[in-house]
K.L.:
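Pasting in a structure now, in structure tokens, and then I'll have a few things to ask.
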2 protein chains.
Amino acid sequence: MKIGILGGGQLARMIALAGIPLGARFVVLDPSADAGATECADLVQGQYDDTAALDALAAQVDVVTYEFENVPQASARYLAQKVPVYPAADVLEVAQDRLNEKTLFNQLGIETPPFAPVSSLAELEAAVASIGLPAVLKTRTQGYDGKGQAVIKTADQLAEAWQSIGEVPAILEGFIQFDREVSMIAARNLNGDIRFYPVSENDHAGGILRVARARAGDPITPLAQDYTAKLMEHLNYVGVIAVEYFQRGDQLLANEFAPRVHNSGHWTIEGAECSQFENHVRAVANLPLGSTDPVGFGAMVNLIGDLPSADQILAIAHCHAHFYGKDPRPGRKVAHIGIRANTEAERESAITAANQLPGAKT
Amino acid sequence: MKIGILGGGQLARMIALAGIPLGARFVVLDPSADAGATECADLVQGQYDDTAALDALAAQVDVVTYEFENVPQASARYLAQKVPVYPAADVLEVAQDRLNEKTLFNQLGIETPPFAPVSSLAELEAAVASIGLPAVLKTRTQGYDGKGQAVIKTADQLAEAWQSIGEVPAILEGFIQFDREVSMIAARNLNGDIRFYPVSENDHAGGILRVARARAGDPITPLAQDYTAKLMEHLNYVGVIAVEYFQRGDQLLANEFAPRVHNSGHWTIEGAECSQFENHVRAVANLPLGSTDPVGFGAMVNLIGDLPSADQILAIAHCHAHFYGKDPRPGRKVAHIGIRANTEAERESAITAANQLPGAKT
């Protein structure tokens with residue numbers, strides 16, 4: 001089984017590391033010659049809309065998947081004429097557009113923050129009148145990690161916000177108060193089997209995920225599973241998905257989903273029977289899904305813009321190092337620390353120590 | 001950190017898979033163009049005594065290690081003039097020769113089966129007179145997995161045995177009754193820190209390891225640790241070592257050691273905090289050693305000469321697939337099944353089911 005991945009960054013790298021023991025081989029398509037996945041995957045160097053590159057990829061592989069959701073839909077559809085593509089290109093059409101995404105959530109009975117489409121300053125004014133302030137204006141497409149967003153607190157900020165996001169099709173979302181953000185990582189295979197990981201509880205700073213903790217047995221689990229299953233089944237989803245929710249009391253409000261393995265699920269490498277990366281390979285290769293049961297208490301600390309040495313990470317009990325083969329640059333995710341402990345107290349001690357390292361939150 | 005490995009088979013492959021997340025990169029030297037490790041390591045293709053190939057390897061890496069003990073000592077010594085080599089070439093001088101190995105064990109106070117050197121039929125007769133029958137005649141060098149050995153049950157088999165091993169320098173070992181075979185896998189780094197894994201209990205068939213079980217807390221552990229530490233310290237050992245012992249009552253008789261990661265330690269991938277492969281990388285890269293604590297109940301089932309599909313393996317609860325990228329041939333180790341369960345009963349059920357698969361014991 002040879003698996004093609006659109007994108008050759010750290011997610012592709014971790015997919016390949018998980019899949020090679022299963023007997024899979026990997027080819028990544030990436031514009032960069034030194035993409036991080038190339039240590040464990042062959043490379044087709046090219047742009048994601050380069051037909052010759054897509055042809056070269058398709059000719060070598062049995063199935064194609066992706067490590068990021070901003071793959072051109074046309075490329076996914078083009079590839080799908082030649083080899084199976086999972087998740088299907090239709091999924092990208094929803095995932096790439098915040099308006100489509102939130103509209104689908106509501107159609108499926110999945111609650112969301114209040115939202116309204118915005119394609120002009122006049123529509124922004126109408127949306128604010130309806131939703132109220134504070135609110136967040138987000139581009140419909142291409143935004144991630146807090147980019148392409150503007151928080152609006154007062155009515156005199158509307159024109160500035162509209163300009164700041166580039167006057168492109170957008171969505172206004174009510175700025176809701178929430179208790180915490182959680183994500184549900186789940187895998188679904190061609191047979192329709194679904195496995196849910198324990199809920200991840202996510203701490204952000206500046207719009208970027210910094211720490212994720214596995215919360216096995218969390219009371220919100222049944223609702224998160226129910227919503228996530230509805231979405232996967234509607235999309236006839238194949239692969240690993242990550243759905244982010246704001247929790248308010250016993251209510252979950254869906255924020256967005258990523259049609260891929262996800263940063264908030266990196267703790268599954270050490271902290272679950274079978275990692276999200278391996279389960280993604282199993283799903284797209286049509287193999288039985290692995291157990292998503294927790295193994296002790298897992299967590300993940302992101303290292304962004306700066307790197308400690310491996311020594312510094314490995315000197316902390318319960319910490320595992322995951323470098324991405326990338327040089328540090330401001331704002332760039334360059335590594336993460338995987339944590340697995342037998343008690344919650346040991347996990348929290350490890351997180352506290354990890355958070356002191358260069359690249360971590362503090 | 002770039003690490004060179006002499007040998008590009010499954011052990012090198014699993015070392016590289018464990019080391020890439022630590023930020024290490026790998027180059028293997030192997031005679032074969034399609035060595036199994038090349039999916040996650042660069043290749044220098046060449047014989048192990050090819051000076052040009054050794055030069056090419058040394059020029060690319062910061063440190064060299066090996067995945068098998070029959071590396072030519074001269075090659076290890078040649079490389080050591082250019083880059084650090086761990087374990088040191090001196091270790092090979094002991095590990096490659098059963099007589100040196102057993103003599104050293106006894107020097108260090110480590111018990112062994114009775115043995116005597118044999119370099120002629122006359123010496124074989126004298127050795128049999130001293131040790132008694134049954135006994136095993138083994139070549140001093142190059143034997144593994146039961147090859148280069150002849151069991152002698154009666155005095156009229158001496159000439160035949162001597163011929164069958166090729167009339168080369170040999171060792172006669174008393175054929176002892178033992179309760180079980182165990183191995184101790186341990187890691188030692190440049191600082192002299194040592195970490196011991198739980199004892200592995202090994203089931204063989206036809207001289208080849210078929211199943212290994214982690215036996216955390218086994219009463220024989222302190223003796224196995226004591227012996228293994230004496231050996232590592234005497235050798236100023238850096239890396240992972242595997243020492244095989246026959247157990248008879250509360251006595252351990254050292255059989256041999258392998259200066260490398262070992263088949264009986266493959267269960268550590270799922271069944272220990274930090275696998276033998278990662279700890280070998282950490283040791284040779286001079287990083288802090290990882291915890292060798294067990295995570296539940298680990299085991300390993302070898303697949304030899306035949307392969308089940310990934311489906312068949314993954315359909316069994318608690319089983320993980322590790323293919324080596326090799327085509328099946330009679331007697332060839334082509335994959336193993338890693339098992340990790342929360343109870344001993346679940347582990348045993350998984351072993352029983354795994355043993356039904358093509359390539360397993362039954």
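By convention in this document, chain letters (A, B, ...) are assigned in the order of the sequence lines, proteins followed by strands, and residues within each chain are numbered from 1.
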K.L.:
I need the minimum non-hydrogen distance between B:His320 and A:Glu273, along with the two atoms involved.
P.N.:
CE1-O, 3.0 Å
K.L.:
Do A:Arg340 and B:Val295 have side chains that get closer than 4.5 Å, going by heavy atoms?
P.N.:
yes
K.L.:
To the nearest 0.5 Å, what is the distance between CG on A:Leu314 and SG on B:Cys274?
P.N.:
8.0 Å
K.L.:
Please confirm whether the backbone N or O of B:Ile20 pairs with a side-chain atom of A:Arg13, one donor and one acceptor, at under 3.5 Å?
P.N.:
yes
K.L.:
Between B:Ala310 and A:Leu22, what is the shortest heavy-atom contact and its length?
P.N.:
CB-O, 4.3 Å
K.L.:
Looking at every heavy atom in both A:Pro21 and B:Leu17, which two are closest together, and how far apart are they?
P.N.:
CG-CD1, 3.9 Å
K.L.:
Using a 4.5 angstrom heavy-atom cutoff, name the option from B:Ala18, B:Gly338, B:Gly23 with the most pairs to chain A.
P.N.:
B:Gly23
K.L.:
Can you find a pair of side-chain heavy atoms, one from B:Asp311 and one from A:Asn286, that are under 4.5 Å apart?
P.N.:
no
K.L.:
Which heavy atom in A:Pro288 sits nearest to a heavy atom in B:Ala315, and how many Å separate them?
P.N.:
CG-N, 4.1 Å
K.L.:
Using non-hydrogen atoms only, which part of A:Ala24 is less than 4.5 Å away from chain B: side chain, backbone, both, or neither?
P.N.:
backbone
K.L.:
Looking at B:Met14, B:His322, B:Arg282, which has the largest count of heavy-atom pairs under 4.5 Å with chain A?
P.N.:
B:Arg282
K.L.:
Is it the backbone or the side chain of B:Asp42 that comes under 4.5 Å from a heavy atom of chain A, or both, or neither?
P.N.:
neither
